[in-house]
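Working notes, structure below.
Throughout, a chain's letter reflects where its sequence line sits, starting with A, and its residues are numbered from 1.
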Amino acid sequence: MARPHSAGELDAVALETALLETWKQENAFRASIDSNGGGAPFIFLEGPPTANGKPGIHHVVARAYKDLVCRWKTMEGFRVERKGGWDTHGLPVEIEVQKRMDLMSNEAIEAYGMDNFNQACRDSVWTYESAWREMTERMAYWVDLDNPYVTLDNNYVESCWWAMKQMFDKGLLYRGHKVLPYCPQTGTSYSSHEVALGYKEVEEPSVYVKFKLIDDDASILAWTTTPWTLPGNVGLAVGPEVTYVRVRITEQAENWIGAGGASDGEEVILAKELMKDVLRHNVEIIEEFPGSSLVGRSYEPLFPDAVPRGESTTAWTVLEADWVTTTDGTGVVHTAVMYGEDDYNLGMAAGLPAYHTVGMDGAFLAGTHPQLDGRYVKECDQTVIELLSAKGGSNGKGPESGLLYREKSYLHDYPHCWRTDHPLLYYAMDSWFVRMTAVKERLLEFNDGVEWAPDWVGEGRFGEWLRNVKDWAISRERYWGTPLPVWRDDEGNMKCIGSIAELQSEVAKAVAAGFENPECPDDVDLHRPVVDGYTLVSDHGKPMHREPFVMDCWFDSGCAPFAQWHHPFEGEETFDASFPVDYICEGVDQTRGWFYTLLAVSTTVFDQPAYKRCLSLGLILDAEGKKMSKSRGNIVDPWDHFNREGADATRWYMVTAGAPWNPLKFDSNGVRETYAKMFLTLWNVYKFHADYAALDGFDPEQSTSDVASRSSLDRWILSRLATTANNYHADFKQWNFHKACRDLEEFIVNDVSNWYVRRSRRRLWDDAETSDKVACQHTLHEILTTVCRLVAPVSPFMVDVIHRNLTGKTVHQAAWPLGIPGSLDGATADEWDEEAAAATANLPPQDVSLEATMALVRELAEVGRRIRVEAGRRQRLPCAQGWIVSGPDMVEFHEILAEELNVESIEVESDLDRFQQIELAPNFRALAPKARSEVNAVAGEIKNAEDPTALLASIQAGTCEILGVAIEEGDVEVRRIEREGFAASTVTIGQGDDAQQISLVLDMNDTPDLLSKGLARDITRRIQAMRKDLNLAIEATIDLEIWTKDAPEMFEQDRQWIVTETRAAAAVFHSESSGAPSNSENFEVDGTTVWFTVQ
RNA sequence: GCGCGGGUAGCUUAGUCGGUUGGAGCACCCGGCUGAUAACCGGGAGGUCGCAGGUUCAAGUCCUGCCUCGCGCACCA
């Protein structure tokens, strides 16, 4: 039973907030899931946000797309559980706390106490939880926030430990070095996004240094912008393919600036290409050779005591490296193993000694050089330059002129600590790695199986990343995070702990072996510093201490598919049934983040992919096209729109503004537009229906109306509805949500509101219960309920209110109009029986030719208005006659057309020549292959034919030849042009061979009858406007008095028409102007002046 | 530097296999319609389709180079 009640004026915000309350009371989210209790599961995985920042509009976008797909799939009959999640570990949290508590270095944190600090982090994580919850609820993102997974929970951490142990046992976890940007002031290394915060352009000394070859009286030149790394030099890298030259100084340079120099006759080696850029002296080339022939040559260390040779056989020799380029420098790269990533990798591969010359405090270690020891490296540039410039250089074995060839100030972007503003040092740190390179093939294979939207992110960006995969540096020298569960003794023996139980048993073993340990209860906090407090025992009886790292917080979120269920300790069935997941959706910036770590963890732990479908969203930009970010301060507050246009409009705007994967320029004005156009229109269509339905006591279940017997207007809009719904669904399946929604909006505004409802208004004014009125009401009911179901996944509020009022049921448990495949036997989210699914669809019949005919009718209506404007004939002055020339049969629409065009009658005329002549246009597609280069000449002849009718006749007869080309019918298009004297216009429908010319001709002659009618209409319109101004009720009557001047005669029937239309109880008509009171309204039309009063 | 994606009217954008007149919406101007609308209809104004070459009878569309914006990666020796 559902008798709609009348709809009020729209207040979107009030509507939405009231509905939220209803949902809460009904537990609508849960109910929508449970309504599909038997449906096949569709597994969604929420990428956990961090709740220590305020949510912005960009978060709303991601959540809108997550919600959209989940709601859509639910309506399709799938069971879509949606567990919320929070990312709670990691550097952003620590930084937030450090800033707030002014603990800007590790020393400060440790002085404050790690336990206190971590407690502060734990608290800080929830700072904006309520803001997130409010935003999430207000925008109607349906996700279970009452039972979320939280990465700091012991259960979650325990699952992460378990995963880590799987990797460890497979030999995929190892300890090594990683060169990281490091700030000696704060004692921390930085991840790349932090480094990006601190790039500054600085001018620094760069130096060209001579490396004196042993057993050869020549030096190799190398360049560096970081002179402080020179004491750590242990190798030189050359490009094997690069051409080098050995040159002899022949003449001193003029105007030498700065330190350095070379003596006449001195010989140096460098890349040939860079000679001009590097050398200031005049030189002669002695020899030319590829880099490969330099490989293996030994040279004198610059600072002989700085680095011990150890067991290295390759120290201070020339090595080859394919990354060496000749874009700058000398084509020879100075290699200080511990202070550059390439240097480190090369050093490890070539067996160079890996010794630090710089301490963690940023000062040179003792023994480097007496003048450098203990000094902060960045202050030693000048000293290093001076030492090298001295006679023989700092090692005393260089040439007379010293080891410095040249210094040059160098302008470049260099990373600085974003907290202290000090330059960062690239510094080799102890680090743990996951051997991703070992599973590269599997990663690529799994990625191939993922359905990416858009596909180029998967194939391109992500595929590229995987093809170049590097081992994952997974440890962080931080405090707040999942601790690395590896214990190690000083001999390098290691144990990886995979559960609390294992930790307890190892602690017990250690205690038994005589190592003191605190209690290790079942609920031991799996965080620092608690876990650091346990000393385990190695198999050799040695004490083992925990490696003092926490894990990259991306590892945490990468574990979400199983850690959210506390797998493998609990929820085994839940996990088995939900892995890999069907759908994830996040911003494209997660490509190297969550998209990657999910796959990385699932591949290394389970040898399986983590997800089957991934929607990668474009970045959200502000109105100026700048990325929205906290640091820029250009984040749009979602509440600005929630409180103005509402969440429906905000969500619809986001989806229609562009493809989900394209960057979205968020334009506040666009939200307003969406509100005015889409939602206001939809509401008014609904209001129109609901008001009359309420008035008439219409109940869709209490009456029936066979579609086949309804008017062509009804059958047309229902067909359009079916077509639109089908396209909508097809676009959804292709992830083209923007196209789907744009088309649907177009349908609602254009077809439903501006044509169907406009043309149907009078049908509902009838007081009698006619079958036509009932048909119209059923049609409106069907349109609205179907549209509601289509809109519901995208904008869930207004359509639910409408749906509830029209059907008594929530739209969020309604079936998808195109079928409910998820509820069919044997369905899975991956594949289902298309035919069986379609059989459950619920849409009215389509009639393609009816749609085409109506499109033509509407076009002709527009054409008619254009004709009037061009002919200067006012809209309300009727025409006696209109002719439709050629075109399909549309007799059933002649009445509509006559009304739209304001003509007395419409007739079909087949004699084209009565109104028109023809014009020929070349059809290039057909003509070009025949005419080739003559095509333009031939086309010209056709276009400019003096007698096109005759030309057409000869073409049709097959006797036409132009410039040697035989012209056939398909080679030309026939267009029709109105003859002089007719007010007419021609439209073309169809394309190519099917193109058809249809003309509308209007009779412009006036008769007394027409003039009378026209005047009556103008007067009526003015009076109606007056009624509206006076705020008269629709049924209120008026007293009317009218005076006219220079008016055509108005017949009695037209006077009567005015009286009826305006609900005049009394009316007096004067055919002169005298007597019109001064306060009367007046207007002039076509030379006639009219005064009137309304009382 | 490499990769990916953009650059179309003042703004937001559509544009399929290359087809000769590049569509919409917002805003603006004129006119009309209105017994639901912040709506609608007709007309007007507004485009070097980022730039330059090339292929072609024909290029917004294909190719090459460049400029520019965004993102990512790498580098910053």
Side-chain angles (χ1 to χ4, degrees), chain A residues 7 9-10 192 199 206 222-226 229 236-237 321 323-325 327-336 339-343 410 412-415 426 454 456-457 459-465 468 587-589 591-592 618-619 621 623 625-627 657-658 661-663 665 667 669-670 672-673 675-677 680-681 683-689 691 739 742 746 749-750 753-755 757-758 761-762 765 861-870 874-876 900 921-929 931-939 992 1021 1024-1025 1027-1028 1034 1061 1063:
Chain A
E9 294 300 317
L10 177 61
S192 57
Y199 269 97
S206 72
W223 179 66
T224 181
T225 57
T226 50
T229 61
L236 292 173
W323 42 262
V324 174
T325 62
T327 49
D328 48 20
T330 64
V332 181
V333 177
H334 140 66
T335 300
Y339 310 109
E341 196 177 349
D342 278 334
D343 304 46
Y410 182 65
H412 65 156
D413 287 329
Y414 193 83
Y426 283 88
W456 51 260
V457 167
E459 287 157 20
R461 181 175 289 210
F462 195 52
E464 191 64 27
W465 167 258
N468 297 316
V588 68
D589 48 332
T591 310
R592 267 81 177 190
L619 252 91
L621 313 173
K626 298 251 164 59
K627 183 178 175 173
W661 42 82
N662 281 340
K665 260 194 197 176
D667 178 14
N669 211 23
R672 181 146 204 88
E673 238 175 75
Y675 171 74
K677 208 173 163 188
L680 205 52
T681 306
W683 183 258
N684 282 311
V685 169
Y686 158 66
K687 184 171 171 349
F688 172 75
H689 171 60
D691 286 353
K739 283 189 183 169
R742 282 171 177 172
E746 183 69 18
V749 171
N750 199 24
S753 176
N754 290 335
W755 191 253
V757 171
R758 185 158 74 81
R761 263 185 234 149
R762 282 176 184 269
W765 295 348
E862 286 177 19
V863 162
R865 294 207 188 100
R866 194 183 311 143
I867 292 171
R868 280 178 177 273
V869 168
E870 282 166 5
R874 65 184 214 272
Q875 198 67 37
R876 290 185 203 85
E900 287 288 323
N923 177 7
F924 281 85
R925 199 189 280 276
L927 215 47
R932 293 166 178 277
S933 59
E934 293 292 335
V935 69
N936 283 327
V938 175
R1021 137 102 180 100
Q1024 301 291 28
R1027 283 185 64 114
K1028 207 171 174 182
I1034 288 173
E1061 287 289 308
R1063 289 188 179 254

Runs of at least three Watson-Crick or G-U pairs with RNA chain B, cut-off 3.5 Å = B:1-7 with B:67-73, B:10-13 with B:23-26, B:28-32 with B:40-44, B:50-54 with B:62-66
Atom pair distance, as rounded to whole Å: CG in A:Leu10 and P in B:rA36 | 17 Å
Whole-Å distance between B:rC75 C1' and A:Asn468 CG?
-> 14 Å
Which of these nucleotides, B:rC40, B:rA38, B:rG15, is closest to any side-chain atom of A:Lys739?
-> B:rG15
Syn/anti state of B:rC17 by chi, 90° boundary around 0 | syn
5' precedence on RNA chain B between A:Thr224 and A:Val588 (nearest-nucleotide basis) | A:Val588
Should A:Lys665 be listed as having a side-chain N or O under 4.0 Å from OP1 or OP2 of B:rU12?
-> yes
Which nucleotide, B:rA14, B:rU37, B:rA38, lies nearest any side-chain atom of A:Ser753?
-> B:rU37
Say you pick atom P in B:rU12 and the same atom in B:rA58; how far apart are they, in whole Å?
-> 34 Å
Results of salt bridge (charged side-chain N to carboxylate O under 4.0 Å, His left out) for A:Arg672 - residues two or more places apart only = A:Glu645
Residues which pass side-chain contact (heavy atoms from CB on, under 4.5 Å) with A:Trp465, listed by chain and number, not counting sequence neighbours = A:Phe462, A:Arg592, A:Tyr596
Judged by nearest nucleotide, the residue sitting upstream toward the 5' end of RNA chain B, A:Gly658 or A:Asn750, is A:Gly658
Examine B:rC40: is either OP1 or OP2 under 4.0 Å from a nitrogen or oxygen in the side chain of A:Arg758? Give yes or no.
-> no
How long is the line joining CG of A:Asn684 and C1' of B:rU34, in whole Å?
-> 13 Å
Side-chain donor/acceptor contact of A:Tyr426 with base of B:rC76 under 3.5 Å = yes
